Visitor: 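First the structure, which I've put down as structure tokens, then a few questions once you've had a look.
Values in this document were obtained by computation on a predicted structure and should not be read as measured data.
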Amino acid sequence: MKITDIRLGMLRVPLKTPFKTALRTVNQIEDVVVVVETDTGHLGYGEAPATAVITGDIHGSIIEAIRTVIKPKLLGQEISDLNHIIRLIQGCIMKNYSAKAAVEMAVYDLFAQSYQAPLYKVLGGGVPRLTTDITISVDYIDKMVADSLDAVANGFETLKVKVGKDIGVDIERVKAIYNAVAGKALIRLDANQGWTAKEAVYALHKLEDAGVRLELVEQPVKYYDLEGLKYITERVHTPVMADESSFGPREVIELIKMRAADIINIKLMKTGGISNAIKIADICSFYDMQCMIGCMLESSISVAAAVHVAVAKADVITKVDLDGPSLCAFNPVHCSVNFNGPDITIGDAPGLGVTAIDGLEWLN
Ligand SMILES: C[C@H](N)C(=O)N[C@H](CCC(=O)O)C(=O)O
Ligand SMILES: [Mg+2]
């Protein structure tokens, strides 16, 4: 099975409601889709969102990195030489993690198809079902409480509550949601770098003293502020998770050595794909550190890839934030991973099991 072409498309899907974080507001998913074609007629699928404020990637850079750098290296490569192809993808260009992730997952898709097995089986197997949280966008307190109650009514038992705006209002936001969903849902916070270290310790102590039990707090401070992350981790009971501070294995090793965080959020768009996600999971497993698997604003192509990784690494990936498809107004991707509210299941189809994508606009 040899690679004969790599085609690109754009997939746009409106969100049910605007997605609002401390970093940005978004109304629709707008992702580059990668289709790797082979001489056997098999197709491998990948997807990359342009999350400029986190990864630095924009549509133009993703498209050009794939078209002009990655694709020429991959044409003619034999899918069974997976490790060689991974080295080509990871070594041919600095950074550009979303572009690498999209192409790499399409190659993994083909590799698993060549064994006629679902991807998670080729990655080591596991129980093909997960439960995801859902994001509650940062907003007026009443709106966030209403959104949280809706999410609980729709079966979600973990809420990822976005904060990181005004520290005083953030404390009130969390208290109001906690009281509204009392006992019915676990709450994890994501400040998306919006607080200082001192603000984070102040807010978390206030919440802890008020009896608000949080599962974790994600990326309270700027991505580069590892000392700040460590300062918080040492002072609060609530577990601290690194998201924007941790991209690849190098950052994870540094965070572990510094003891700067309790948990790592693995996202394929930060790691540059499945191969580094697996390395991070293995590093964390070795150091008895838990991981979350997360996503950007992604549809169910790339989120399906993350689901397969999470299932195969379930011993260490104990937390799941794969709500991209749940945030969409509809699911245009026909795929063997089924997203049904909080419940995610994988079918028996080989690879990622993508069979069709409604509304895909071809770029070449
Ligand atoms: C969608 C997911 N639940 C999430 O919240 N991801 C964000 C970044 C998403 C974005 O801005 O595209 C995160 O964990 O920071
Ligand atoms: Mg985050």
Side-chain angles (χ1 to χ4, degrees), residues 46-47 82-83 86 89-90 97-98 100-102 104-109 111-113 115 117-133 158 160 188 215-216 218 239 241-243 245-253 255-256 261-296 298 300-325 335-339 342-353:
E47 176 183 358
L82 178 67
N83 288 339
I86 290 169
I89 295 170
Q90 299 300 331
Y97 300 118
S98 306
K100 289 174 179 168
E104 218 206 41
M105 70 181 68
V107 172
Y108 269 96
D109 182 9
F111 185 75
Q113 288 181 47
Y115 289 97
L119 178 57
Y120 75 93
K121 291 201 174 170
V122 174
L123 297 178
V127 180
R129 97 177 57 90
L130 296 174
T131 305
T132 183
D133 64 4
T158 305
K160 168 154 159 162
R188 46 181 71 149
E215 185 202 14
L216 57 89
E218 184 173 337
M241 183 161 70
D243 181 9
S245 293
S246 108
F247 270 59
R250 274 181 214 284
E251 287 91 352
V252 171
I253 290 168
L255 287 162
I256 292 173
D262 302 296
I263 311 169
I264 300 294
N265 187 345
I266 301 174
K267 290 181 187 159
L268 299 181
M269 300 304 144
K270 295 187 298 166
T271 61
I274 292 173
S275 61
N276 276 334
I278 289 170
K279 282 188 188 132
I280 291 173
D282 289 343
I283 292 165
C284 288
S285 172
F286 193 72
Y287 283 95
D288 281 330
M289 194 160 178
Q290 287 181 46
C291 299
M292 172 185 277
I293 189 124
C295 62
M296 304 295 187
E298 299 165 47
S300 46
I301 305 169
S302 50
V303 175
V307 168
H308 282 267
V309 172
V311 161
K313 292 287 167 189
D315 59 318
V316 57
I317 299 178
T318 55
K319 299 174 192 304
V320 179
D321 173 34
L322 295 179
D323 60 348
C335 160
S336 68
V337 177
N338 182 44
F339 296 88
D343 302 318
I344 304 176
T345 50
I346 307 179
D348 291 333
L352 296 176

Visitor: Asp282 versus Lys313: any side-chain heavy-atom pair under 4.5 Å?
Guide: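 Yes. Closest side-chain heavy atoms under 4.5 Å.
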Visitor: Using a 3.5 Å distance criterion without hydrogens, assess whether the side chain of Glu104 forms a donor-acceptor pair with backbone atoms of Ser275.
Guide: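 Side chain of Glu104 to backbone of Ser275, a donor-acceptor pair under 3.5 Å: yes, one is there.
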Visitor: Taking the side chain as everything from C-beta on, heavy atoms only, tell me whether Val337 gets closer than 4.5 Å to Ser300.
Guide: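 Sidechains of Ser300 and Val337: no contact.
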Visitor: Would you please say whether a donor-acceptor pair under 3.5 Å links the side chains of Glu251 and Ser245?
Guide: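 Not at all, the side chains of Glu251 and Ser245 share no donor-acceptor pair under 3.5 Å.
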Visitor: Kindly determine whether Leu130 and Thr132 satisfy side-chain contact (heavy atoms from CB on, under 4.5 Å), including the steps that lead there.
Guide: CA-CA 7 Å; Leu130 296 174; Thr132 183; over 6 Å; no
Visitor: Do Glu218 and Met292 have side chains that approach each other closer than 4.5 Å (heavy atoms only, starting at C-beta)?
Guide: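 Glu218 reaches Met292 side chain to side chain.
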Visitor: Any side-chain heavy-atom pair from Ile293 and Lys267 closer than 4.5 angstrom?
Guide: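 When only atoms from C-beta onward are counted, Lys267 and Ile293 do not touch, as no gap falls below 4.5 Å.
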Visitor: Using only atom types and a distance under 3.5 Å, with no angle test, would you say the side chain of Asn265 pairs donor to acceptor with the backbone of Ala242?
Guide: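 No, Asn265 side chain to Ala242 backbone: no donor-acceptor pair under 3.5 Å.
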Visitor: Any ion pair linking Asp133 and Lys319 (charged N to carboxylate O, less than 4.0 Å)?
Guide: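 Salt bridge between Lys319 and Asp133, a charged N being under 4.0 Å from a carboxylate O: no.
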Visitor: Looking at Ile274 and Ala305, what are the two nearest heavy atoms and their distance?
Guide: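 The pair with the smallest heavy-atom distance is CD1-CB, 4.3 Å.
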Visitor: Looking at side-chain heavy atoms only, is the closest gap between Asn338 and Ile344 below 4.5 Å?
Guide: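 A side-chain contact under 4.5 Å is absent here.
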Visitor: Considering residues at least two apart in sequence or located in another chain, which fulfil the side chain to side chain donor-acceptor pair (under 3.5 Å) criterion with Ser246?
Guide: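 Partners of Ser246 by the side chain to side chain donor-acceptor pair (under 3.5 Å) criterion come out as none, since no residue qualifies.
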Visitor: Locate the shortest heavy-atom distance separating Leu268 from Ala306; write the atom from each residue and the value.
Guide: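 Nearest heavy atoms, Leu268 then Ala306: CD1-N, 3.7 Å.
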Visitor: Mind checking whether Leu119 and Phe111 have side chains closer than 4.5 Å, heavy atoms only?
Guide: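 Answer no - side chains too far apart.
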Visitor: To the nearest 0.5 Å, what is the distance between CE (Met296) and CE (Met269)?
Guide: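 If we round to the nearest 0.5 Å, Met296:CE and Met269:CE are 8.0 Å apart.
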Visitor: Considering all heavy atoms of both residues, which atom of Leu322 and which atom of Pro325 are nearest to each other, and what is their separation?
Guide: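 For Leu322 and Pro325, the tightest heavy-atom pair comes out as O-CD, 4.0 Å.
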Visitor: Report the distance from atom OG1 of Thr158 to atom CG of Leu216, rounding to the nearest 0.5 Å.
Guide: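 If I round to the nearest 0.5 Å, the distance is 9.5 Å.
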Visitor: Looking only at non-hydrogen atoms, find the nearest pair between Cys295 and Val303 and report the distance.
Guide: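 Heavy atoms of Cys295 and Val303 come nearest at CB-CG2, 4.1 Å.
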Visitor: Roughly how far apart are Ile264 CD1 and Tyr287 OH, rounded to 0.5 Å?
Guide: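 Interatomic distance, Ile264 CD1 to Tyr287 OH, rounded to 0.5 Å: 12.5 Å.
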Visitor: Just do the side-chain contact (heavy atoms from CB on, under 4.5 Å) check on Val320 and Thr131 with the steps written out, would you?
Guide: CA-CA 7 Å; Val320 179; Thr131 305; over 6 Å; no
Visitor: Below 4.0 angstrom, N of the basic side chain to O of the carboxylate: do Asp343 and Arg129 qualify?
Guide: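 Result for this pair is no, no salt bridge flagged.
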Visitor: Quick check for you: to the nearest 0.5 Å, what is the distance between Ile278 atom CD1 and Ser285 atom OG?
Guide: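 Atom-to-atom, Ile278:CD1 and Ser285:OG are 13.0 Å apart.
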Visitor: Check whether Asp262 reaches the backbone of Pro239 with its side chain - one donor and one acceptor, N or O, closer than 3.5 Å.
Guide: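 Judged by distance alone, no pair lies under 3.5 Å.
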Visitor: Donor-acceptor check, side chain of Gln290 to backbone of Val316, threshold 3.5 angstrom: yes or no?
Guide: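 Answer holds: no.
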Visitor: How long is the span from the SG atom in Cys284 to the CD1 atom in Ile256, to the nearest 0.5 Å?
Guide: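 With rounding to 0.5 Å, SG (Cys284) is 4.5 Å from CD1 (Ile256).
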Visitor: Could you tell me which non-hydrogen atom of Ala312 sits nearest to which non-hydrogen atom of Leu123, and how far apart they are?
Guide: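 Here Ala312 and Leu123 meet closest at CB-CB, 3.6 Å.
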Visitor: Roughly how far apart are Ile266 CD1 and Ile280 CD1, rounded to 0.5 Å?
Guide: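 That separation rounds to 5.5 Å.
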Visitor: Any non-hydrogen side-chain atom of Asp243 less than 4.5 Å from a side-chain atom of Lys270?
Guide: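 Heavy-atom side-chain distance check passes, below 4.5 Å.
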Visitor: Any heavy-atom pair between the side chains of Val309 and Ile317 that's under 4.5 Å?
Guide: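 Yes - at least one pair of side-chain heavy atoms lies under 4.5 Å apart.
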Visitor: Checking side-chain contact (heavy atoms from CB on, under 4.5 Å) for the pair Ile86/Tyr108: CA distance, chi angles, key distance, verdict?
Guide: CA-CA 9 Å; Ile86 290 169; Tyr108 269 96; 3.2 Å; yes
Visitor: Restricting to non-hydrogen atoms, name the atom on Ala112 and the atom on Pro118 that form the minimum distance, rounded to 0.1 Å.
Guide: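 Heavy atoms of Ala112 and Pro118 come nearest at CB-C, 4.3 Å.
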Visitor: Report the C-alpha separation of Tyr120 and Ile346 in whole Å, then their side-chain angles, then the decisive distance to 0.1 Å, and conclude whether the side-chain contact (heavy atoms from CB on, under 4.5 Å) test is met.
Guide: CA-CA 9 Å; Tyr120 75 93; Ile346 307 179; 3.8 Å; yes
